[in-house]
Novice: 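One structure, as structure tokens, below. Some questions next.
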Amino acid sequence: MPGKPLQVFISVIRRELLLAIRHGADSCMIVSFFLIVVILFLLGVGPEPGILSRISAGIIWVSALLSVMLSMDRLFQPDYEDGSLDLLILSSLPLELIVLAKIFSHWLTTGFPLIIISPLLALFLNMGTPGYSTLLIALVLGTPTLSLVGAIGAALILGARRSGVLLSVLILPLFIPIMIFGVSAVDAALTNVSSKPPLLMLGALLLTALVLCPWASAAALRQAAE
Amino acid sequence: MLDFLTSFMNMGGYGYYIWGAFGLSAFVLITLIIQSLKFLESSETQLHSLKEKEKNNET
Amino acid sequence: MFNYFANPFRFLRLTSKLQPITMLVALAAIGLGLFYALVESPPDYQQSETVRIMYVHVPAAWMAMFCYVTIACSSAVALIWRHMLANIIAKSTAPIGASFTFLALATGSLWGKPMWGAWWVWDARLTSMLILFFLYLGYIVLYNAFDDQSRGARAAAILSIVGVINIPIIKFSVDWWNTLHQPASVIKINGPTVHPSMLTPLMLMAVGYMALYFWLLFIRTRAELNINKVRKMLIQQTETH
Amino acid sequence: MTSFSGKKLTCVRSGRIVFTSLNFMISQGEVLYLKGPNGSGKSTLLRLMAGILRPSNGALTWNNNDIHDDEGLFRSRVHYVGHQDAIKAGLTVEENIRFWVEMNYCMKEKYSIQTALKVFSLDNLSTLPARFLSAGQRKRLNLARLSATYAPLWLLDEPTNSLDSDSVRILSRAISDHQQNGGMVAIATHEDLDLKDNVLNLSEFTNLRAPPQGYNAW
């Protein structure tokens with residue numbers, strides 16, 4: 001009598017979070033990378049407030065994109081190396097749901113800290129005050145989609161040579177729509193145009209990704225185990 | 001005849017762009033064709049040499 | 001139907017007959033198309049001679065899209081019915097498609113200079129064509145990133161299907177992005193109204209490019225099948241000794 | 001009388017024919033030994049039996065209905081032990097085995113984790129983080145999964161490497177207990193566990209010169 005699916009789903013999330021807490025350094029690394037990239041942009045562009053406030057949304061979104069993409073290859077690689085992948089495929093819970101559980105816990109450990117820290121960075125980049133709330137909403141809708149789409153890339157590159165660079169070449173083109181709608185949502189809020197349409201588009205992208213990405217990642221994992 | 005050629009070549013002052021576009025297309029497609037044919041040729045020679053090797057160590 | 005063609009021996013016999021035909025069609029159509037494009041068709045009232053670049057740019061853009069969709073379809077066939085041959089067709093299509101995309105970008109920027117005054121304009125169509133070029137690179141790089149060929153084929157097949165689903169989304173988001181950041185200075189030309197006399201060279205060049213694609217596809221697929229056969233024989237030799 | 005059998009199995013891995021037209025049959029209480037030189041496809045056959053790999057043609061049947069008809073049901077009947085130990089260094093011994101038990105069965109049999117650890121003499125290490133385990137202990141922890149939850153079919157891929165002699169004895173006792181209560185075992189090992197039942201010699205199926213003509217030959 002296989003375990004009740006919800007229990008198994010929760011136990012996968014619990015294991016992932018347990019591991020993330022035990023290796024606490026990973027999520028701090030991601031957040032510090034996010035900070036450093038924003039500061040690099042800042043130093044590159046110059047502290048001139050006029051310019052900064054106009055490009056603040058773009059800088060934050062591009063840095064969020066790079067941080068999520070950087071943390072992607074630790075999603076399936078440890079399981080692939082120590083043989084857990086075979087057992088995950090053979091578990092009673094369908095692989096698609098296991099992948100969804102792993103992506104959710106990955107989002108908790110990387111996407112969520114980015115959302116928490118982003119108002120501070122908006123302050124650094126002296127983004128207009130109306131932009132803050134929209135930025136948070138856009139990141140809440142956008143970062144899970146980034147994790148979902150990134151999971152496909154992470155599953156595809158298992159066992160490949162130079163997988164780090166390969167991951168970025170594969171996923172970044174797929175991240176472009178998410179970034180465009182994220183940035184245009186915040187820009188709309190800053191120029192007090194209604195930012196509902198881009199936010200709705202982000203929501204739509206999230207729902208489609210929620211359905212398609214676990215299925216694609218599971219297919220990629222199955223053929224990686226062969 | 002000559003002035004027809006010159007007027008044909010400079011295409012109402014935009015000669016560079018038009019010939020540039022057509023020339024580049026020709027260049028890229030021709031190199032693609034040559035590379036494909038070379039690729040086919042090298043694969044066939046490899047195959048034949050292997051078949052010869054297999055034939056004479058079977059005899 | 002797929003099983004019939006999937007057998008490599010039948011495929012090889014079929015292509016050896018088709019290969020010369022497609023070559024002739026390609027040469028004839030492009031030759032005639034060039035003649036019409038450069039000599040016969042009238043200059044456009046608005047852009048004068050530069051419209052002739054359209055006869056090279058538009059077919060390349062069509063072929064760029066067509067090749068990626070072909071890669072995705074043959075990858076889907078390869079994943080569902082597990083045919084290695086469909087993977088090989090997709091693998092051979094990729095470099096051809098990438099070259100057509102590069103051509104579309106290059107001729108697009110050459111066309112943009114006289115018309116819009118800048119070598120590269122972040123026009124919606126050109127930007128999505130650039131992203132399509134990255135999708136091609138991703139496919140080719142992923143295919144060869146594995147030591148085991150069939151592993152790379154399956155991974156790239158999944159990527160191409162994910163990519164083809166993303167193309168409309170990317171196209172829509174780039175159009176959205178373009179309308180947001182539309183600099184007033186760039187006059188928005190949505191391509192010349194195609195005058196009937198321009199249609200013939202355009203269609204001829206399109207047919208020529210399509211025939212060229214099939215000709216190159218047959219050449220590269222035969223070469224890939226030979227390489228596969230060589231690799232198999234090498235593996236078997238290592239076993240028997 | 002449940003039985004697990006494979007008919008005319010052919011497996012092609014990256015263009016190379018690993019084995020072709022292979023048949024086997026395991027019925028209740030039997031152990032199938034997979035013998036053959038390295039690279040003759042023992043591991044591939046075990047992964048095929050577990051359902052991780054798909055055969056190019058041929059079918060695997062459980063009481064002669066195809067396992068791929070209801071994969072969820074078949075997966076709940078199989079324990080697969082591969083070369084790697086699937087152990088997370090960050091988790092403790094008890095957490096590692098608890099996770100794999102939860103993945104397959106509901107947790108009502110909590111006591112069975114302790115007994116499983118006791119069977120494989122790991123009970124005194126249950127709160128130790130797994131990174132301090134030796135190779136033998138890691139393999140025993142991986143094997144403890146077998147007796148923690150019941151699954152009729154055991155697929156063991158070289159379970160004895162990095163095990164010392166009394167651990168091997170523990171394993172062979174566990175296998176014979178499993179046979180007693182109607183389990184089936186397919187095992188690939190070079191160690192003779194004096195449990196000779198029927199032997200499947202894989203080398204017979206590898207050097208068949210006639211590759212299948214189908215489109216998968218390439």
Side-chain angles (χ1 to χ4, degrees), chain A residues 54 57-58 145 148-185 187-188 191 193 195 197-198 201-202 204-205 208-209 211-213 215-226, chain C residues 68 72 75-76 78-80 82 84 87 98 101 122 124 127-182:
Chain A
R54 264 194 42 249
T145 327
L148 281 160
V149 174
I152 303 177
L156 282 174
I157 58 160
L158 288 176
R161 295 188 300 269
R162 298 185 56 77
S163 54
V165 180
L166 182 63
L167 185 64
S168 46
V169 171
L170 296 189
I171 316 182
L172 287 182
L174 306 180
F175 276 174
I176 286 172
I178 305 164
M179 184 185 71
I180 284 178
F181 288 120
V183 173
S184 68
D187 282 348
T191 55
V193 165
S195 63
M201 274 311 295
L202 273 179
L205 284 180
T208 4
V211 170
L212 292 181
C213 295
W215 173 74
S217 316
L221 283 180
R222 280 200 189 87
Q223 58 91 16
E226 265 180 27
Chain C
Y68 199 85
S75 299
L79 283 176
I80 296 165
R82 287 188 166 273
M84 197 52 196
N87 272 329
T101 321
W122 287 102
T127 322
S128 13
M129 192 62 72
L130 186 63
I131 300 171
L132 181 64
F133 188 68
F134 287 127
L135 290 179
Y136 272 109
L137 288 190
Y139 179 86
I140 295 169
V141 164
L142 184 62
Y143 200 108
N144 304 313
F146 296 88
D147 310 331
D148 165 11
Q149 271 296 331
S150 62
R151 175 84 171 71
R154 288 196 305 269
I158 293 178
L159 177 72
S160 66
I161 294 172
V162 169
V164 90
I165 296 172
N166 269 291
I167 283 182
I169 302 174
I170 291 175
K171 184 87 178 72
F172 176 72
S173 62
V174 168
D175 289 346
W176 175 290
W177 171 81
N178 191 273
T179 48
L180 276 184
H181 301 284
Q182 183 62 55

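In the text below, chain A, chain B and the rest are named by the order of the sequence lines, each starting its count at 1.
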Novice: Which bit of A:Ile178 comes within less than 4.5 Å of chain C, counting heavy atoms only: side chain, backbone, both or neither?
Specialist: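 Neither part, no heavy atoms under 4.5 Å.
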Novice: So, A:Ser163 side chain and A:Gly159 main chain: donor-acceptor pair closer than 3.5 Å or not?
Specialist: no
Novice: Write down the atom of A:Thr145, the atom of A:Ala209, and the distance for their closest heavy-atom approach.
Specialist: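 Closest approach of A:Thr145 to A:Ala209: CG2-CB, 3.7 Å.
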Novice: Mind ranking A:Leu172, A:Leu166, A:Ile176 by heavy-atom pairs under 4.5 Å with chain C and telling me who comes out on top?
Specialist: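 Of the options given, most contacts go to A:Leu166.
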Novice: Does any backbone or side-chain atom of A:Ile152 lie under 4.5 Å from a heavy atom of chain C? Answer side chain, backbone, both or neither.
Specialist: side chain
Novice: Identify the residues of residues 135-142 of chain C whose heavy atoms come closer than 4.5 Å to a heavy atom of chain A, ordered by number, or report 'none'.
Specialist: C:Leu135, C:Gly138, C:Val141, C:Leu142
Novice: Counting heavy atoms not belonging to A:Arg222, are there more than 12 under 6.0 Å from its CZ?
Specialist: yes
Novice: Go through the atoms of C:Ile165 and report whether side chain, backbone, both or neither lie under 4.5 Å from a heavy atom of chain A.
Specialist: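 Side chain of C:Ile165 only, per the 4.5 Å heavy-atom cut-off to chain A.
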Novice: Any side-chain heavy atom of C:Phe172 within less than 4.5 Å of one from A:Ile180?
Specialist: no
Novice: If you look only at pairs with a residue in residues 148-167 of chain A, which of them pass as a salt bridge (Lys or Arg N to Asp or Glu O under 4.0 Å), with sequence neighbours excluded?
Specialist: A:Arg161-C:Asp147
Novice: Taking side chain as C-beta onward, heavy atoms only, is C:Ile169 less than 4.5 Å from A:Thr208?
Specialist: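 Not in contact.
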Novice: In terms of heavy-atom proximity below 4.5 Å to chain C, should A:Ala188 be classed as side chain, backbone, both, or neither?
Specialist: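 A:Ala188 has no heavy atom closer than 4.5 Å to chain C.
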Novice: Do A:Arg54 and A:Thr191 have side chains that get closer than 4.5 Å, going by heavy atoms?
Specialist: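 No, too far: nothing below the 4.5 Å cut-off.
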Novice: Answer yes or no: is there a side-chain heavy-atom contact under 4.5 Å between C:Trp177 and C:Thr127?
Specialist: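 Yes. Closest side-chain heavy atoms under 4.5 Å.
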Novice: Which atoms of A:Met201 come close to chain C, meaning under 4.5 Å heavy atom to heavy atom: side chain ones, backbone ones, both, or neither?
Specialist: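 Side chain of A:Met201 only, per the 4.5 Å heavy-atom cut-off to chain C.
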Novice: Within the distance-only criterion (no hydrogens, no angle test), does the side chain of C:Asn178 pair as donor or acceptor with the backbone N or O of C:Trp122 below 3.5 angstrom?
Specialist: yes
Novice: Quick one: which of A:Ser184, A:Cys213, A:Pro177 has the most heavy-atom pairs under 4.5 Å with chain C, could you say?
Specialist: A:Pro177
Novice: Would you say C:Trp176 and A:Pro198 make side-chain contact, with heavy atoms under 4.5 Å?
Specialist: yes
Novice: What part of A:Leu205 lies closer than 4.5 angstrom to a heavy atom of chain C: side chain, backbone, both or neither?
Specialist: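 For A:Leu205, the side chain is the part near chain C, not the backbone.
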